[in-house]
Asks: 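Submitted below is the structure of interest, expressed as structure tokens.
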Amino acid sequence: MIALHDYDLSAEGYAVRLFLALLGLDYRLLPVEFYPAREHEGEEFRALSPMASLPVLVDGDLVLTEVAGILSYLAARHGGADWYPAGDAAQLGRIGDGLALSARLAATAGAVRLADGMMLPLDGAAARAEAKRLLRVIDERLWFGEAAGDDWLCPGPRPSIADIACFPHIVLAEEGDIPLIDYPAIRRWLDRVRRLPGFVVMPGVFGA
Amino acid sequence: MSYHPVASSRDLAGRHVFQACLLGQDIALWRADDGTVNAWENRCPHRGVRLSLGVNLGDRLMCRYHGWRYDSGSGACSHIPAHPEGPIPATLCARRFPVIEAGGLVFVALGDDTAALPTLPETAIPLRALPVGRPAEAIAAALAGAGLAAAGPLHFAETQGGATVHLLIQPASGTTCVIHGLADMSAEALPLQRHMSRLMESRRRAWEARP
Amino acid sequence: MGFKMTETGGIDPDTWNRWHVVGCHDELPDDGARATRLLGRAITVERRGSGAEVRLTGGGALPVKVAYGYVWSSLGTPGPLFELPEHAEADRRNLNGCSFFVRTSPPRAIENFLDMAHFPFVHTGILGEEAHPDVKDYDVAISTDGREVVASNCHFYQPKAAAASTGGVDVTYRYRVPHPWCAILYKDSPAKPGRSDVIALFVQPCGEEEIVANLALFILDDDTPLPALRRFQQQIFVQDKPILENQMPRRLPLYPRADSPVRADKASIAYRRWLRQLGTSFGVLS
Ligand code: FES
Ligand SMILES: [Fe+2]
């Protein structure tokens with residue numbers, strides 16, 4: 001069975017838990033205390049993942065330590081054509097772009113959320129400014145997607161793992177004092193993700 | 001208090017709650033399944049939680065904190081889960097603002113004295129609205145300075161891509177505004193919408209770069 | 001008494017002269033001081049063995065007390081801290097459940113802690129469920145000496161009342177509010193029937209709209225590992241965070257007809273009346 005080493009309040013971990021739920025996959029959750037114990041930096045955890053970051057997915061011999069890798073693996077292995085458009089090079093490229101975008105969100109909106117709530121050191125102003133720039137770009141993309149009849153970050157009738165990877169950082173951005181009022185297309189997209197069959201919440205996120 | 005644009009009709013998607021800010025007043029805007037547009041103070045009368053956090057149930061809005069429900073149209077509270085047997089005080093009501101849809105935009109007035117709407121083209125197509133981190137007056141001055149024709153203190157017009165484009169400024173907080181656009185055209189709008197989005201983005205970068 | 005509000009930067013005398021929590025003693029750094037804020041002032045908190053030192057940043061030392069696992073300080077001349085005798089009971093485990101920074105006023109956090117009606121909607125499946133939303137009548141009073149608010153006989157159906165719970169139960173709660181920014185909950189212990197787990201919310205008033213919420217546990221549970229206990233409290237508290245940060249205005253309105261309370265809000269009504277009696281002006285709108 002898939003094992004997920006994770007922390008409940010991790011937005012990255014939530015992306016993986018959400019995708020596992022959307023795929024209807026069973027998994028074993030192994031809680032790791034990021035705050036305050038910083039268990040992920042302990043020797044025991046480093047033996048599993050030298051990255052010392054969360055989440056970590058273990059499936060047999062395979063150990064994956066980045067959201068992009070974990071979601072890509074789960075989509076290719078369990079998602080079928082709905083989640084992994086194997087023959088569509090352009091779409092795979094766009095999904096890769098979207099996954100990289102989620103990493104930028106993690107480093108800005110995600111980081112400032114954690115630093116704020118858990119009182120960790122960070123240049124909050126710089127992180128918020130860059131997050132705002134990213135949100136503006138995403139809002140424009142989603143607005144024109146809607147105008148063309150597309151509901152998701154990448155064109156086409158179905159959500160992709162890019163949506164799943166970006167969703168947690170955006171839906172939780174207000175916890176880091178990044179208001180979403182200026183991104184109406186993003187706020188509608190958050191509602192659409194919430195309505196996906198199998199959607200699950202995490203603390204701080206409300207359902208549909 | 002006159003009407004100001006706060007959203008486009010398209011912004012009020014089904015079962016969505018739109019959040020707007022007009023002259024410092026936070027507003028929750030939502031469309032009921034029967035088409036009724038509600039513009040309410042973005043604050044639950046019970047304990048003040050923003051209603052834009054809530055759930056659009058189609059005919060009622062449910063607050064996230066204690067699940068109180070408010071009816072579309074009247075704003076009256078019609079369900080308090082903690083006391084399912086009632087009674088609910090008749091005065092318990094979301095605070096409503098006058099709201100009208102016209103020309104593809106949604107206009108809200110904060111008071112009851114609802115002066116006339118700006119004159120709008122019949123066949124207008126809404127553009128993507130652009131929030132700007134500068135006060136409405138500063139943006140009005142910048143647009144006037146750029147040579148746009150003023151049709152009102154917060155209403156400008158210019159010609160772009162062969163169409164007349166109206167720019168209507170929504171004073172949001174004291175330090176921010178939102179520019180709503182309407183293109184007077186009936187043809188395929190997407191190319192002009194794209195052109196205007198990029199043009200306004202580049203204007204915004206310039207405005208926000210200035211101290 | 002000759003108390004001048006100008007000498008306190010406009011802070012009311014009750015707030016000025018109280019002990020306020022400024023950190024969990026165990027979680028202070030091993031080396032050096034931690035910078036934080038108290039009533040709008042920058043301060044540093046440093047562990048000194050079993051004691052602590054608190055200073056205004058770039059200024060003098062402030063009064064210090066270590067009690068119930070936390071460091072307390074004051075900008076004025078504090079009297080005794082409230083009593084929490086359960087802290088000394090030998091069979092209890094005492095721990096900091098979690099500490100989170102929240103953008104709200106101290107009294108909004110206390111009011112949320114006293115509120116049962118939100119359990120089905122905010123803590124769905126844990127402290128409440130939508131099929132059982134009703135709040136039965138309970139008792140509430142300000143103690144005769146005026147020193148605390150007490151709510152008792154509070155009953156609520158909870159699907160998973162504590163980290164050690166195995167199923168849904170009708171729990172009985174009792175609340176004490178012995179300090180404007182501290183509230184204590186007595187809750188049926190799932191492990192030891194007839195006794196109560198004690199969960200306290202100690203709010204550090206960083207500013208009028210900025211707090212650190214500390215959840216302190218004094219519980220009768222020898223089995224659940226510490227991380228699992230903390231995990232449960234973190235999950236619960238972080239569910240409340242977006243509610244607290246979206247309550248407008250952030251300061252608690254004390255003026256008449258500011259909000260629309262119902263019977264379930266008796267505790268909050270008494271709490272607001274008590275704050276008016278104390279003359280509290282910090283973090284509220286009068
Ligand atoms: S604050 Fe909205 S229902 Fe209580
Ligand atoms: Fe709560």
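In this text the structure is predicted, and so the values were computed from the model without any measurement. Residue numbering restarts at 1 for every chain, and letters A, B, ... go by the order of the sequence lines.
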Asks: Mind checking whether F45(A) and H5(A) have side chains closer than 4.5 Å, heavy atoms only?
Replies: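 A side-chain contact exists here, since the closest heavy-atom pair is under 4.5 Å.
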Asks: Does R47(C) come within less than 4.0 Å of D30(C), counting only side-chain N to carboxylate O?
Replies: yes
Asks: Quick one: what part of E33(A) sits under 4.5 Å from any heavy atom of chain C, side chain, backbone, both or neither?
Replies: side chain
Asks: Salt bridge or not for R46(A) and E41(A), using N-O below 4.0 Å?
Replies: no
Asks: Is it the case that R38(A) places NZ or CZ above or below the six-membered ring of F34(A), under 6.0 angstrom from the centre and within 45 degrees of the axis?
Replies: yes
Asks: If you count heavy atoms of other groups shown closer than 6.0 angstrom to CZ of R48(C), is the number above 12?
Replies: yes
Asks: Identify which of A37(A), G207(A), P36(A) forms the greatest number of heavy-atom pairs closer than 4.5 Å to chain C.
Replies: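 Most heavy-atom pairs under 4.5 Å with chain C: P36(A).
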Asks: Out of the candidates R251(C), R108(C), R37(C), only one should pair with E209(C) under the salt bridge (charged side-chain N to carboxylate O under 4.0 Å, His left out) rule; please name it.
Replies: R251(C)
Asks: Less than 4.5 Å to any heavy atom of chain C: does that hold for the side chain of Y7(A), its backbone, both, or neither?
Replies: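 Contact with chain C: side chain only.
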Asks: Measuring heavy-atom distances to chain A, does S99(C) have an atom under 4.5 Å in its side chain, in its backbone, in both, or in neither?
Replies: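 Looking at S99(C), backbone and side chain both touch chain A.
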Asks: May I ask you to decide whether R103(C) forms a salt bridge with D116(A), counting only side-chain N to carboxylate O separations under 4.0 Å?
Replies: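 The answer is yes: the pair qualifies as a salt bridge.
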Asks: Non-hydrogen atoms of chain A under 4.5 Å away: do they reach the side chain of E245(C), the backbone, both or neither?
Replies: side chain
Asks: Please find out if less than 6.0 Å separates the ring center of Y73(A) from that of Y84(A).
Replies: no
Asks: Can you confirm whether V203(C) sits close enough to V21(C) that some side-chain heavy atom of one is under 4.5 Å from a side-chain heavy atom of the other?
Replies: no
Asks: Between P242(C) and chain A, with a heavy-atom cut-off of 4.5 Å, which part of the residue counts as in contact: side chain, backbone, both or neither?
Replies: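 Interface part for P242(C): side chain.
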Asks: Quick one: what part of V212(C) sits under 4.5 Å from any heavy atom of chain A, side chain, backbone, both or neither?
Replies: side chain
Asks: Would you mind checking which part of D8(A) comes under 4.5 Å of any heavy atom in chain C, side chain (CB onward), backbone (N, CA, C, O), both or neither?
Replies: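 Interface part for D8(A): side chain.
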Asks: Can you find a side-chain donor-acceptor pair between Y68(C) and N94(C) that sits under 3.5 Å?
Replies: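 Judged by distance alone, the side chains do not pair up.
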Asks: Within residues 148-158 of chain A, which positions have a heavy-atom distance to chain C below 4.5 Å?
Replies: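 The stretch does not come within 4.5 Å of chain C.
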